[in-house]
A.B. asks: 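Questions regarding the structure given below will be posed in turn.
Each chain gets a letter, A, B and so on, in the order the sequences are listed, and its residues count up from 1.
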Number of protein chains: 4
Amino acid sequence: MNKLKIGIVGAGRIGNVHAESITYHIPEAEVVMVTDVIEENAKKLAARFGIPKYSADYMDIVNDPAIDAVLVCSPTPTHADITIAALNAGKHVFCEKPVHTSIERIRDVAAAAEKSGKKLQIGFNRRFDHNHRHVQELAKCGALGNVEIIKITSRDPEPPSPEYAASSGGLYIDMMIHDFDMAMFLAGSDVTEVYAMGTSLVDKRIGEAGDVDTAIVTLTFENGALGVIDNSRRAAYGYDQRVEVFGSLGMAADENDGDSTVKVSTAAGVVSDKPQFFFLERYMASFTEEMRQFIKAITEDTDVPVGIHAGLMSVVLAKAAKKSLDEHRPVKISEITGA
Amino acid sequence: MNKLKIGIVGAGRIGNVHAESITYHIPEAEVVMVTDVIEENAKKLAARFGIPKYSADYMDIVNDPAIDAVLVCSPTPTHADITIAALNAGKHVFCEKPVHTSIERIRDVAAAAEKSGKKLQIGFNRRFDHNHRHVQELAKCGALGNVEIIKITSRDPEPPSPEYAASSGGLYIDMMIHDFDMAMFLAGSDVTEVYAMGTSLVDKRIGEAGDVDTAIVTLTFENGALGVIDNSRRAAYGYDQRVEVFGSLGMAADENDGDSTVKVSTAAGVVSDKPQFFFLERYMASFTEEMRQFIKAITEDTDVPVGIHAGLMSVVLAKAAKKSLDEHRPVKISEITGA
Amino acid sequence: MNKLKIGIVGAGRIGNVHAESITYHIPEAEVVMVTDVIEENAKKLAARFGIPKYSADYMDIVNDPAIDAVLVCSPTPTHADITIAALNAGKHVFCEKPVHTSIERIRDVAAAAEKSGKKLQIGFNRRFDHNHRHVQELAKCGALGNVEIIKITSRDPEPPSPEYAASSGGLYIDMMIHDFDMAMFLAGSDVTEVYAMGTSLVDKRIGEAGDVDTAIVTLTFENGALGVIDNSRRAAYGYDQRVEVFGSLGMAADENDGDSTVKVSTAAGVVSDKPQFFFLERYMASFTEEMRQFIKAITEDTDVPVGIHAGLMSVVLAKAAKKSLDEHRPVKISEITGA
Amino acid sequence: MNKLKIGIVGAGRIGNVHAESITYHIPEAEVVMVTDVIEENAKKLAARFGIPKYSADYMDIVNDPAIDAVLVCSPTPTHADITIAALNAGKHVFCEKPVHTSIERIRDVAAAAEKSGKKLQIGFNRRFDHNHRHVQELAKCGALGNVEIIKITSRDPEPPSPEYAASSGGLYIDMMIHDFDMAMFLAGSDVTEVYAMGTSLVDKRIGEAGDVDTAIVTLTFENGALGVIDNSRRAAYGYDQRVEVFGSLGMAADENDGDSTVKVSTAAGVVSDKPQFFFLERYMASFTEEMRQFIKAITEDTDVPVGIHAGLMSVVLAKAAKKSLDEHRPVKISEITGA
């Protein structure tokens, strides 16, 4: 079999996740090079997965004619440049989210993708989660009737440092971006308006750094449905990831995955497992599945499951939410997109 | 409306339960007399529910022409005598379980009932429980296909005193009798053979008193199904009452009722309510429902929902189980009934 | 025992509910008169529960010196007049919600109550529900730490007629008022600001009548917590009543009550009971409990569990929500109260 | 890294499972040869996982000095011969269950293992299941107190052909053997007596072939606990795998794994996922984990987690159960072992 040749830019946590998926679970592809500005990290990742080449310069991947596809796993500010360079070099690209914090720059990426005719997939892995995807499938196939209300709860087990919060772009773009994408995925419709509440209840230093750690955002969808997302940077019981779609024929809702289904009944009560710890535990299978579908979209020349529109709209919603919070009013999406 | 006039023999816990059901929940009937060999208890019960007459002698009820029906809530050894006297006096009778510990004496009761033409209902209240009954209805209506396996778990929150265990007739007749009846109710079939295991793990003084506190009994039903009951005199987490029917088309199983549906998620885990404490909490509604149906069987002249055959067979199974334990072998029901 | 004498004004559905609770479950009190402008209804209710007197004029209750307390179960527009008359006559009063649709008129009621020194309880029965109350107790006792997010889902099984929707004052005051009260009960704090979304997805005639049938409202609490309520006038699977409190130490959430705990596993899936049908099934025990506590507050001379402040604030929030919807902006509570 | 070299004897379903685990999930080992009497099967497996050598003769593995360990995945009658040959050749051996249907032959294997000083692990994969193992850990660590009752339910989704049933050795050794091992694993104790019930309710041709398809077996453990296993060859709702340990301090019980946690609420009820289809779905992770621990026992020179004693006792219990069924009486384990 002629395996698809993959280059990975960025040897951090998510680069390792994708390398593991491809190496162990996707026989149709193989990682042939990894780069990282910290060359030692690229070397380590290469050694861990038996990848033949590594380098400090992502252009080594872009310029390698043997490489078919590039995974952009570097820090957010570099996503657009690398993605555009790779597309222009005729590579298929998988780009982590957010694509960029500038709407204009995301549009540049979209234009490059269109011009290149290559596949461009955005890394919204949660769409491939066994629970959330099953809810979405039920909504999409009509089993729930007309979709009327979307609810998403997403809470991290532990807050980041105030420094991280300050530099990450804030909760709406750093954390809730996944939920914005999930909301539109579940509704099968884009959002037209956002109203954002946010406050700092978990760690007041996060508030002092200009960010929020507890937030509720409501959404109006093009198809008439209403939605609400709640986020917290800290849940004492662990990583809380639940979605609910309510429609004219019924409701589908998922619950957290635990490590087991065991219930322990003692004098203290009936105790079940807490949610799996964090995203690497909870969503590992979804990372593998998104990669499998990216490879498949290339080898079978089909549409990618998550395109640049999703990459754009999620950032647009994050910006609308921030504006809503700052101006204390509902914000129309058209105010951000200019459309 | 002409209310049905009820006399209650025995002013203990279960007499109070039935008085409460009738007084507050069954407008078609009223308790007009209560007796107890300890007259003070009869007086108290009468005062609590506004019952006009009380006495120390159950014959005051039997001989009162104004009384339509008698509830026999006195100690087990007196059940048969009182029931027969009341039937012979033309009263309908509701008799608590077990009817008697002698098969012959139960047959006497059956004969008296037949001769009198009056209603005779036995107090297997669990048949009226919202959970167990729903399982039975599913089995009976064919939704589960042919019934193949019956499983019953029944565990008390706290063990009785060794003295009680010694005098109660033992676990099989004192505690598992409910489960024997439930098993036949769920299977829609009588039992033909029993194999009993039993041991004393909860309190060795119970074993020293000649009884067991932990038991598993397997059952063979006339219709070919197999069954198993497990009992413990003590469950640290409370009163554990679950049944399961497995058939060719599927399974119905119930879970314990808690006081609420609340789940509390903290660093310690996800905690649900323990089962409701004991039978007065867990089965209160079933006591009311069995009484409502007894009254209805009289006023509408229909068959009682739990007749003397159930009263007989449950004791037969208890005796077969004891014999099986003693002789360490499976025991056919015909060995007990002589049929 | 000297029973508390109760008069009921209004012989509709809720008047019958309270009469049943008192007659069958609260031995400390008795209903001695019922009135209804449709005298036939008063007569029927009286007959059903053996109440000695009935009339078409509520003043017959107000003027009866033998009556200790009045339950105001008449249509909303008459609540304030009757309540004030009864308080002025020295009666304790239990008044159904909403107290009135005018803030001023509710303040009149509050003033009358204060002047009279009598008990005045408002009929927010859901506070006495076994599930929601358990969540509130966990929040109140500190088991969840600082309360940060409140979530309430409340959906009716079937929509009302468009005519009803038009005349009821609208979803926010007719339906969500319960949730506004519940939100403040769970948070242990009043609300300071409201943002309301609403639309007509269930029945467009409801929208044409000027009301909404699908709504999401977000709340800001005085104590810093955030909240969200979602309502729908129709849930295909039945009456959906769930609350969730998220705090710094964890989360408490309840689930719907079904009629049984049975799970049926067949080739079609694992099926559990739907929620209990509607409020008379789901909340019957809470109606009895609120009445029991009202009687107890009188007989033991303690504070009522739900006072006029709750009656006022719930209407204030409903008005704020309507204003928010109309003006498409967050609305401060002080805009409504003038405080 | 110097990888452990593995040879696999038997290229059927389970041989493929182990090859997949080692190839994709256990970097410390690699499969270097596979054999199967049908050489084409060995060739296919080798190609699928990139294994360099294949053959029709297992002695090619036994005689290869480069191979460290052998996985015996061939049909049951050949297990003992191959295992002994491999042990005698100085290989570590992982042998699928049952080791043999002859007690004597299993003892020969045990003797060979002891003499060789090599590791010998038996393939009871369910001990490594995330759910069952968690129950066992709770029992073992004392969280449940003294273990008193063990319950195991194990039902296959679809019955085998009557021909298979006839040739497999019967339900007790072919299917319930897993549950016998699980029971002793959970109890932390061997079994001393067995009583078996069995019947043919699923497919009467199975009965005509001399086997049962529906069975309940009760167990007495050395430590005084009681146990019960129920088996069915067909569950309409899928593969039903549940265990329960009840002890003096409480109970731990697991539930089936579904493909998702989604609940769908419609007018038809609240529907959850059925259990995962069959053992390859339900227990795949446990197969990987048992192999990981086998490799680890070799590389770190520690005891294997499942030794030949488990292999022996499970077959002893199956034989005792068959004898109990045939002779319709409880059978002591010593009757089978001669001890």
Side-chain angles (χ1 to χ4, degrees), chain A residues 143-151 153 155 193 195-204 207 212-221 223-238 240 242 244 246-253 255-256 274-275 324 327-330 332, chain C residues 143-151 153 155 193 195-204 207 212-221 223-238 240 242 244 246-253 255-256 274-275 324 327-330 332:
Chain A
L144 307 177
N146 296 322
V147 171
E148 296 172 354
I149 298 175
I150 303 282
K151 287 169 59 184
T153 289
R155 300 167 186 158
E193 191 174 283
Y195 176 70
M197 304 166 77
T199 180
S200 172
L201 301 174
V202 173
D203 184 341
K204 63 180 167 183
V212 299
D213 53 36
T214 305
I216 294 180
V217 171
T218 57
L219 309 168
T220 307
F221 295 92
N223 64 7
L226 306 180
V228 61
I229 297 165
D230 74 88
N231 273 191
S232 173
R233 287 283 198 183
R234 175 266 300 116
Y237 51 90
D240 193 352
R242 291 172 286 150
E244 176 180 321
F246 173 80
S248 54
L249 296 180
M251 169 176 71
E255 294 174 4
N256 288 303
K274 290 190 290 184
S324 172
E327 304 184 3
H328 197 51
R329 63 173 181 89
K332 290 204 182 307
Chain C
L144 307 177
N146 296 323
V147 171
E148 296 171 353
I149 298 175
I150 303 281
K151 286 169 60 184
T153 288
R155 299 166 187 158
E193 191 175 282
Y195 176 70
M197 305 165 76
T199 180
S200 173
L201 302 174
V202 173
D203 184 340
K204 64 180 166 185
V212 299
D213 52 37
T214 305
I216 294 180
V217 172
T218 57
L219 310 168
T220 307
F221 294 91
N223 64 6
L226 306 181
V228 61
I229 297 165
D230 74 89
N231 273 190
S232 173
R233 287 283 197 182
R234 176 266 300 116
Y237 51 91
D240 193 351
R242 291 173 285 149
E244 176 179 320
F246 173 79
S248 54
L249 297 180
M251 169 176 71
E255 295 173 4
N256 288 302
K274 289 190 290 183
S324 172
E327 303 183 4
H328 197 51
R329 64 173 181 88
K332 290 203 182 306

A.B. asks: What part of N223(C) gets closer than 4.5 Å to chain A, counting heavy atoms only: side chain, backbone, both or neither?
C.D. replies: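 The answer is neither part of N223(C).
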
A.B. asks: Go through the steps for M251(A) and D240(C) under the test side-chain contact (heavy atoms from CB on, under 4.5 Å), then give the verdict.
C.D. replies: CA-CA 10 Å; M251(A) 169 176 71; D240(C) 193 351; 3.8 Å; yes

A.B. asks: What part of N146(C) lies closer than 4.5 angstrom to a heavy atom of chain A: side chain, backbone, both or neither?
C.D. replies: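 Contact with chain A is absent: no heavy atom of N146(C) under 4.5 Å.
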
A.B. asks: For each of K151(A), R155(A), E244(A), tally heavy-atom pairs with chain C at distances under 4.5 Å, and name the one with the top tally.
C.D. replies: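 Answer, by heavy-atom pair count under 4.5 Å with chain C: R155(A).
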
A.B. asks: How long is the gap from OG1 on T153(C) to CZ on F246(A), to the nearest 0.5 Å?
C.D. replies: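 Going from the OG1 atom of T153(C) to the CZ atom of F246(A) covers 9.5 Å.
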
A.B. asks: Hey, what do you get for OH (Y195(C)) to NE2 (H328(A)), rounding to the nearest 0.5 Å?
C.D. replies: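 So the gap between those two atoms works out to 11.0 Å.
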
A.B. asks: Mind checking the CE-OG1 spacing from M197(A) to T218(C)? Nearest 0.5 Å is all I need.
C.D. replies: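 Interatomic distance, M197(A) CE to T218(C) OG1, rounded to 0.5 Å: 4.5 Å.
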
A.B. asks: At a 4.5 Å cut-off on heavy atoms, which part of N231(A) comes close to chain C: side chain, backbone, both, or neither?
C.D. replies: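 Backbone of N231(A) only, per the 4.5 Å heavy-atom cut-off to chain C.
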
A.B. asks: So how far is it from D230(C) CG to I150(A) CD1, rounded to the nearest 0.5 Å?
C.D. replies: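 The CG atom of D230(C) sits 11.5 Å away from the CD1 atom of I150(A).
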
A.B. asks: Of the backbone (N, CA, C, O) and the side chain (C-beta and beyond), which part of L226(C) lies under 4.5 Å from a heavy atom of chain A, both, or neither?
C.D. replies: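 Both backbone and side chain of L226(C) come within 4.5 Å of chain A.
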
A.B. asks: Rounded at 0.5 Å granularity, tell me how far CD1 in I149(C) sits from OG1 in T199(A).
C.D. replies: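 Rounded to the nearest 0.5 Å, the CD1-OG1 separation comes to 10.5 Å.
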
A.B. asks: Please flag which part of S200(C) lies under 4.5 Å from any non-hydrogen atom of chain A: side chain, backbone, both or neither.
C.D. replies: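 The answer is neither part of S200(C).
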
A.B. asks: Which pair of heavy atoms, one from P330(A) and one from P330(C), lies closest together, and at what distance?
C.D. replies: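 The pair with the smallest heavy-atom distance is CD-CD, 4.0 Å.
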
